[in-house]
> 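Before we start, here is the structure in question, set down as structure tokens.
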Protein chains: 2
Amino acid sequence: MAAKRSGAQNKQFQQTSVRLQPVQEASREPLLSRERIVATAVELLDAQGIGGLTMRRLADRLGSGVMSLYWHVDNKEDVFDLALDAVLEYRGPPQTIEPQDWRGEVVHMLEDWRASMLRHPWSASLLPRRALGPNILSRLELLSKTLSRAGVADAELNAAIWSLWNYVMGATITRASFDLSDDERATAQLRLTRLSERYPTIERSRLLLDNDWDGAFRKGLDFLLDGLAPRQ
Amino acid sequence: MAAKRSGAQNKQFQQTSVRLQPVQEASREPLLSRERIVATAVELLDAQGIGGLTMRRLADRLGSGVMSLYWHVDNKEDVFDLALDAVLEYRGPPQTIEPQDWRGEVVHMLEDWRASMLRHPWSASLLPRRALGPNILSRLELLSKTLSRAGVADAELNAAIWSLWNYVMGATITRASFDLSDDERATAQLRLTRLSERYPTIERSRLLLDNDWDGAFRKGLDFLLDGLAPRQ
DNA sequence: ACCTGAACACCGTTCAAGT
DNA sequence: ACCTGAACACCGTTCAAGT
């Protein structure tokens, strides 16, 4: 059983080229790296969806043998975790939001979170099934601090956070799935039309067809925030 | 390519034993049936989770060859669709709810929906990714009718329905995932404790540990309903 | 009408090496 | 320190049959 790389090491070795190891003839970059693997995994997931990520395909794209991946990465689950976290980074609110505008800050972070997941539609349905990575924890920390500052009592904080989490995740997972399968959706509505006597109301309102997803998202979010921490 | 069974046939053949086919020596029940396959698939999913359902394992449990399944079922996706729908049936509100109490009716249906999915934790994360089956469409139809009766305008009906859908799905998917991995959750909180300087607020509030999921669900739901159709 | 086994083109991962 | 191929124990599904 070979000793494995510990996962805590990083890319700060370029300035100090001499190390404990014997001098290497050209100190060339290794072919593979954690970063390159994760970036390629995200590409593959974007292109082929969740079922399209395969250790073999991943190695192909990187021009390496399959088993070489396992030096840098524990297993396939690990690749999923890393790709997911890579996609969830938050850069903070724009300058235009004033520091005391807690509601603007919360809404911005949540909409940015949702947008990030929609840019990588596989990520939304993956997130609830994996351990929470550093980037999503940072978002939760920010949310927690902001709501606290807005006057939400400590005893209600967790319920408030999870309500928002639930709403964002539900909205995004649903939206991402519907996006992925435009024709499937059309056939669903078609099938529905044939059965319109069984589902007359949703037939009439064309529930499965034309929806203002973004508007609906924002509206429901406002209702929740009104309930959680009423406008002053 | 053999002709395939059409999927519309059902189990009303016991009273009239004579049919178009030549008389069979004992008219014995076929070994397999759509119903038996679906019921066994649900068992398997309950026991082993989403990754545990395998055509080979399913056939094993049924005491048949793998390929025999394909007579009754199109493919594995079909099995997923059928198992999912089987689990989502709604029997209607209890007698104790009065007919004009639209809010009670909505809350009962949504909580029953959530409870059904939690009884089969694989179902929640599956539902948004598959085409909507008859049982979930019936629930949406009921929801639509009830909200309409409660005075929600036609123009707002779809947004209202999707807000509720999003909330229920997000809450249930999250809850089901957290349930599945109690020790994973513990290690997550442990890892968090080590990093408590980075996430002090969620550390302090023990966000990842002790939560009143059911209470939080009900609270958020009330906020949404208040917003969607204010109490009279 | 219903069931079957062999075969194909895939998977993730272990192991024992190579440099 | 980093990369490799062979091998194992799995997958879903096609095909050409059997009764």
Side-chain angles (χ1 to χ4, degrees), chain A residues 1-11 13-14 17-37 41 44 48-81 83, chain B residues 1-11 13 17-37 41 44 48-81:
Chain A
M1 201 169 296
K4 282 288 198 73
R5 176 199 140 107
S6 78
Q9 165 219 27
N10 257 322
K11 56 205 159 183
F13 47 63
Q14 254 149 348
S17 62
V18 183
R19 276 296 200 215
L20 301 172
Q21 306 100 345
V23 179
Q24 289 175 307
E25 55 273 48
S27 179
R28 61 178 106 262
E29 295 266 340
L31 219 168
L32 256 32
S33 71
R34 219 156 216 262
E35 290 73 25
R36 233 163 72 72
I37 291 176
L44 201 49
Q48 318 248 28
I50 228 165
L53 179 61
T54 270
M55 296 306 268
R56 285 166 146 98
R57 276 208 272 256
L58 188 51
D60 259 13
R61 277 215 181 201
L62 287 159
S64 79
V66 203
M67 294 316 299
S68 313
L69 301 175
Y70 285 80
W71 176 261
H72 304 268
V73 136
D74 285 348
N75 47 36
K76 195 184 177 183
E77 304 247 296
D78 200 15
V79 178
F80 272 126
D81 283 341
Chain B
M1 203 168 296
K4 282 287 198 73
R5 177 200 139 107
S6 79
Q9 164 219 28
N10 257 323
K11 57 204 158 183
F13 48 61
S17 61
V18 183
R19 277 296 201 216
L20 303 170
Q21 304 101 344
V23 179
Q24 291 174 302
E25 55 273 46
S27 179
R28 60 178 107 263
E29 294 268 339
L31 218 170
L32 257 30
S33 71
R34 219 156 216 260
E35 290 73 26
R36 233 163 72 72
I37 291 176
L44 201 47
Q48 318 248 28
I50 228 166
L53 179 62
T54 271
M55 295 305 269
R56 285 166 145 98
R57 276 208 272 257
L58 188 51
D60 259 15
R61 276 215 183 201
L62 287 159
S64 79
V66 203
M67 294 317 300
S68 313
L69 301 174
Y70 286 80
W71 176 261
H72 304 269
V73 137
D74 286 347
N75 47 36
K76 195 184 176 181
E77 303 248 294
D78 199 16
V79 178
F80 272 126
D81 284 341

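All chains are named by letter (A, B, ...) in the order of the sequence lines, taking the proteins before the strands, and each is independently numbered beginning at 1. All values below come from the heavy atoms of this structure, side chains included, with hydrogens, waters and symmetry mates left out.
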> To the nearest Å, give me how far apart NE2 (B:His72) and C1' (C:dC2) are.
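Answer to the nearest Å: 6 Å.
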
> Please give, in whole Å, the distance from D:dT13 P to B:Lys76 NZ?
8 Å

> In Å and rounded to the nearest 0.5 Å, what is the NZ to OG1 distance from B:Lys76 to B:Thr54?
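Taking NZ in B:Lys76 and OG1 in B:Thr54, the distance rounds to 5.0 Å.
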
> Would you kindly give the CD1-to-P distance between B:Ile37 and C:dC2, to the nearest whole Å?
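Nearest whole value for this atom pair: 12 Å.
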
> Grab the CG-C1' distance between B:Asp74 and D:dT14 for me, whole Å please.
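Atom-to-atom, B:Asp74 to D:dT14, this comes out as 15 Å.
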
> Let's see if you can work this out: which of C:dC3, C:dG12, C:dA6 has an atom nearest to the side-chain heavy atoms of B:Trp71?
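Selected nucleotide: C:dC3.
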
> Take atom OH of A:Tyr70 and atom C1' of C:dA16, then tell me their distance rounded to the nearest Å.
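Going from A:Tyr70 (OH) to C:dA16 (C1'), I get 17 Å.
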
> Between CD of A:Glu35 and CD1 of A:Ile37, what distance do you get to the nearest 0.5 Å?
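Result: 9.0 Å between the selected atoms.
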
> Is there a side-chain polar atom (N or O) of A:Ser68 under 4.0 Å from OP1 or OP2 of D:dT4?
yes

> Closest approach of B:Met55 and B:Asn75, non-hydrogen atoms and distance?
CE-C, 4.4 Å

> With respect to the side chain of A:Leu31, which nucleotide from D:dC3, C:dT4, D:dT13 is positioned closest?
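Nearest to the side-chain atoms of A:Leu31, counting from C-beta on, is D:dC3.
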
> Specify the closest pair of heavy atoms between B:Arg34 and B:His72, including all atoms of both residues, with the distance to one decimal.
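What the structure gives for the nearest pair is NE-O, 3.2 Å.
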
> Taking the same atom, P, in D:dC2 and in C:dC15, what whole-Å distance lies between them?
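It comes out at 22 Å once rounded to the nearest Å.
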
> What's the CZ-C1' distance between B:Phe80 and D:dG12, to the nearest Å?
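Atom-to-atom, B:Phe80 to D:dG12, this comes out as 12 Å.
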
> Whole Å only: how far is the CE atom of B:Met67 from the P atom of D:dC11?
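Nearest whole value for this atom pair: 14 Å.
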
> Using a 4.0 Å cut-off on heavy atoms, which residues in residues 54-63 of chain B reach DNA chain D? List them by number, or say none.
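Contacts with DNA chain D under 4.0 Å: B:Thr54, B:Met55, B:Arg56, B:Arg57.
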
> Indicate the atoms forming the closest heavy-atom contact of B:Phe80 with B:Leu53, along with that distance.
CE2-CD2, 3.7 Å

> Donor-acceptor pairs under 3.5 Å, side chain of residues 58-65 of chain A to any protein atom, not counting sequence neighbours: which ones?
from    : atom 1 : to      : atom 2 : distance (Å)
A:Arg61 : NH1    : A:Glu43 : OE1    : 3.1

> Does A:Ser33 reach the main-chain N or O of A:Arg36 with its side chain, forming a donor-acceptor pair under 3.5 Å?
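Yes, A:Ser33 side chain to A:Arg36 backbone: donor-acceptor pair under 3.5 Å.
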
> Any stems for DNA chain C, made of 3 or more Watson-Crick or G-U pairs in a row, each with both distances under 3.5 Å?
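The stems that DNA chain C takes part in, listed by first number, are C:4-8 with D:12-16, C:12-16 with D:4-8.
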
> Return the value, rounded to whole Å, for the distance between atom CZ of A:Arg34 and atom P of D:dC2.
12 Å

